[in-house]
2 protein chains.
Amino acid sequence: MSSKQEFIEKLRNSSLRPTKQRINICEVLFNRDKTFHFTINDLFNLIKDKTGEKVSLATVYNTVHAFHKKGYLKEIPINSNQTYFDTNVTDHHHFFDVKEEKLIDLKNEDVGPIEIQKSIPGKKIKSVEVLVKLED
Amino acid sequence: MSSKQEFIEKLRNSSLRPTKQRINICEVLFNRDKTFHFTINDLFNLIKDKTGEKVSLATVYNTVHAFHKKGYLKEIPINSNQTYFDTNVTDHHHFFDVKEEKLIDLKNEDVGPIEIQKSIPGKKIKSVEVLVKLED
DNA sequence: TCGTTGTTTATAATTATTCTAAAGAAGATT
DNA sequence: AATCTTCTTTAGAATAATTATAAACAACGA
Ligand SMILES: [Mn+2]
Ligand SMILES: [Mn+2]
Ligand SMILES: [Zn+2]
Ligand SMILES: [Zn+2]
């Protein structure tokens with residue numbers, strides 16, 4: 001339950017001007033209890049529905065990428081025609097319900113620690129993600 | 001080192017007619033020692049290079065999907081502008097070198113067994129895949 | 001050889017995403 | 001408050017991967 005003022009400050013602190021559009025997007029993305037998994041198109045439609053104001057598709061793309069770059073959104077690796085994002089930016093894993101095309105968070109304790117025993121010279125590990133596909 | 005005859009039989013056994021194009025694609029995909037990770041475009045170009053014969057892009061898509069459906073190819077979940085496939089269809093995990101855009105196999109013993117402790121009613125697990133992103 | 005069915009192909013259509021450039025809004029400066 | 005600068009939004013065009021279409025072609029069985 002963040003207030004509009006908090007979003008404005010968060011944007012300013014990130015050197016992103018607090019525009020009407022960005023604040024609306026923040027409301028839709030971050031003003032919720034549970035983690036939120038979405039595609040750009042999901043978000044685009046939700047903004048209209050939840051705020052009553054329309055934001056251009058280009059701005060939705062711009063903003064999602066800006067937030068992603070700032071570390072406020074995580075990109076989830078799945079093979080889909082659309083890219084999925086997540087408001088939960090901590091390291092965690094996912095179920096993907098293939099039929100419903102829906103992501104579900106897995107707690108780290110649901111998966112257990114993963115120790116990668118192999119290494120590639122000159123490279124370091126950036127992320128370790130488990131994707132568990134679900135079917136009926 | 002499979003022979004052409006073996007590919008023809010394999011195709012027939014899969015109720016796929018052994019056309020010149022499909023045999024060429026088999027040569028490029030399966031006539032190698034190590035597992036092969038590729039995009040459609042990689043494959044399209046390799047066919048020309050390795051067999052000297054050109055196969056239309058549409059056929060490359062068709063064939064890859066046919067082989068995928070038959071279980072001869074695995075699709076690797078990463079967020080890229082192109083879809084990655086793998087000739088190693090066993091359950092296994094991957095490094096993805098983000099800079100080089102290259103996949104590297106991880107042996108199961110490099111990752112260890114993964115036990116998913118959570119379940120969703122009415123759904124069963126189809127696959128469990130670990131993707132380890134590498135950076136410099 | 002002939003008829004049937006499956007396959008290839010060029011090309012068009014679709015779709016997600018990015019680019020462009022002009023208009024608008026925010027913040028700083030007077 | 002007016003002005004200037006910089007950042008942002010936007011519609012629309014461009015790009016690029018993938019899928020669909022439908023006609024020509026090849027494999028197969030009779
Ligand atoms: Mn999540
Ligand atoms: Mn592999
Ligand atoms: Zn991004
Ligand atoms: Zn496929």
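What you see is a predicted model, and the numbers here were worked out from it, not measured in a lab. In what follows, chains carry the letters A, B, and so on, assigned in the order in which the sequence lines appear, proteins first and then strands, with residues in each chain numbered from 1.
Toward the 5′ end of DNA chain D lies the nearest nucleotide of B/Gln82, the other residue of the pair B/Ala58 and B/Gln82 mapping further downstream. Where B/Pro18 and A/Ser15 each meet DNA chain D at their nearest nucleotide, the meeting point lying more 5' is that of A/Ser15.
Residue B/Thr19 has no polar side-chain atom (N or O) positioned under 4.0 Å from OP1 or OP2 of C/dG6. Between D/dT10 and A/Thr59, a contact under 4.0 Å exists linking OP1 or OP2 to a side-chain N or O. Residue B/Tyr61 has no polar side-chain atom (N or O) positioned under 4.0 Å from OP1 or OP2 of D/dT19. For the OP1/OP2 pair of C/dT17 and a distance below 4.0 Å, the side-chain nitrogens and oxygens of A/His65 include no atom meeting the criterion. Checking the phosphate oxygens (OP1, OP2) of C/dT17, a side-chain nitrogen or oxygen of A/Thr83 falls inside 4.0 Å. Phosphate proximity of D/dC28 to B/Arg12: present, with a side-chain N or O under 4.0 Å from OP1 or OP2. Listed pair B/Gln21 / D/dA26 fails the phosphate criterion, with no side-chain N or O lying under 4.0 Å from OP1 or OP2. Dashed line: the shortest gap from a side-chain N or O of A/Lys20 to OP1 or OP2 of D/dT10 is not under 4.0 Å. Distances shorter than 4.0 Å separate none of the side-chain N or O atoms of A/Thr39 from OP1 or OP2 on C/dA16.
Protein atom NZ of B/Lys69 is 11 Å distant from nucleotide atom P of C/dT7, rounded to whole Å. Taking atom NZ of residue A/Lys48 and atom P of nucleotide D/dT10, one finds them 12 Å apart after rounding to whole Å. For the pair B/Lys54 NZ and C/dT8 C1', the interatomic distance rounds to 11 Å; values are reported in whole Å. The distance from atom CD of A/Glu53 to atom P of D/dT10 is 10 Å, rounded to the nearest whole Å. For the pair B/Asn81 CG and D/dT18 P, the interatomic distance rounds to 8 Å; values are reported in whole Å. Distance CG (A/Leu57) to P (C/dT17): 9 Å, rounded to an integer number of Å. Between the C1' atom of D/dT18 and the CZ atom of B/Phe44 lies a distance of 14 Å, rounded to the nearest Å. Rounded to an integer number of Å, the gap from CD of B/Glu75 to C1' of D/dT18 is 12 Å.
Side chains of B/His37 and B/Asp105: a donor-acceptor N/O pair is present below 3.5 angstrom, by distance only. With hydrogens and angles left out, the side-chain atoms of A/Thr59 and A/Asn62 include no donor and acceptor closer than 3.5 Å.
For A/Lys102, the NZ atom counts as loosely surrounded, since its 6.0 Å shell holds 12 or fewer non-hydrogen atoms of other residues, nucleotides or ligands. Heavy-atom contacts from other residues, nucleotides or ligands closer than 6.0 Å to CD of B/Glu109 number more than 12. Residue A/Lys126 places its NZ atom among 12 or fewer non-hydrogen atoms of other residues, nucleotides or ligands, all under 6.0 Å distant.
The NE2 atom of A/His94 sits 4.0 Å away from atom CD1 of A/Ile76, with the distance rounded to the nearest 0.5 Å.
The base of C/dT7 lies outside donor-acceptor range of the side chain of B/Arg22, with no N or O pair under 3.5 Å.
Among the protein residues, B/Asn62 comes within range of the nucleic acid bases, having at least one heavy atom under 4.0 Å from a base atom.
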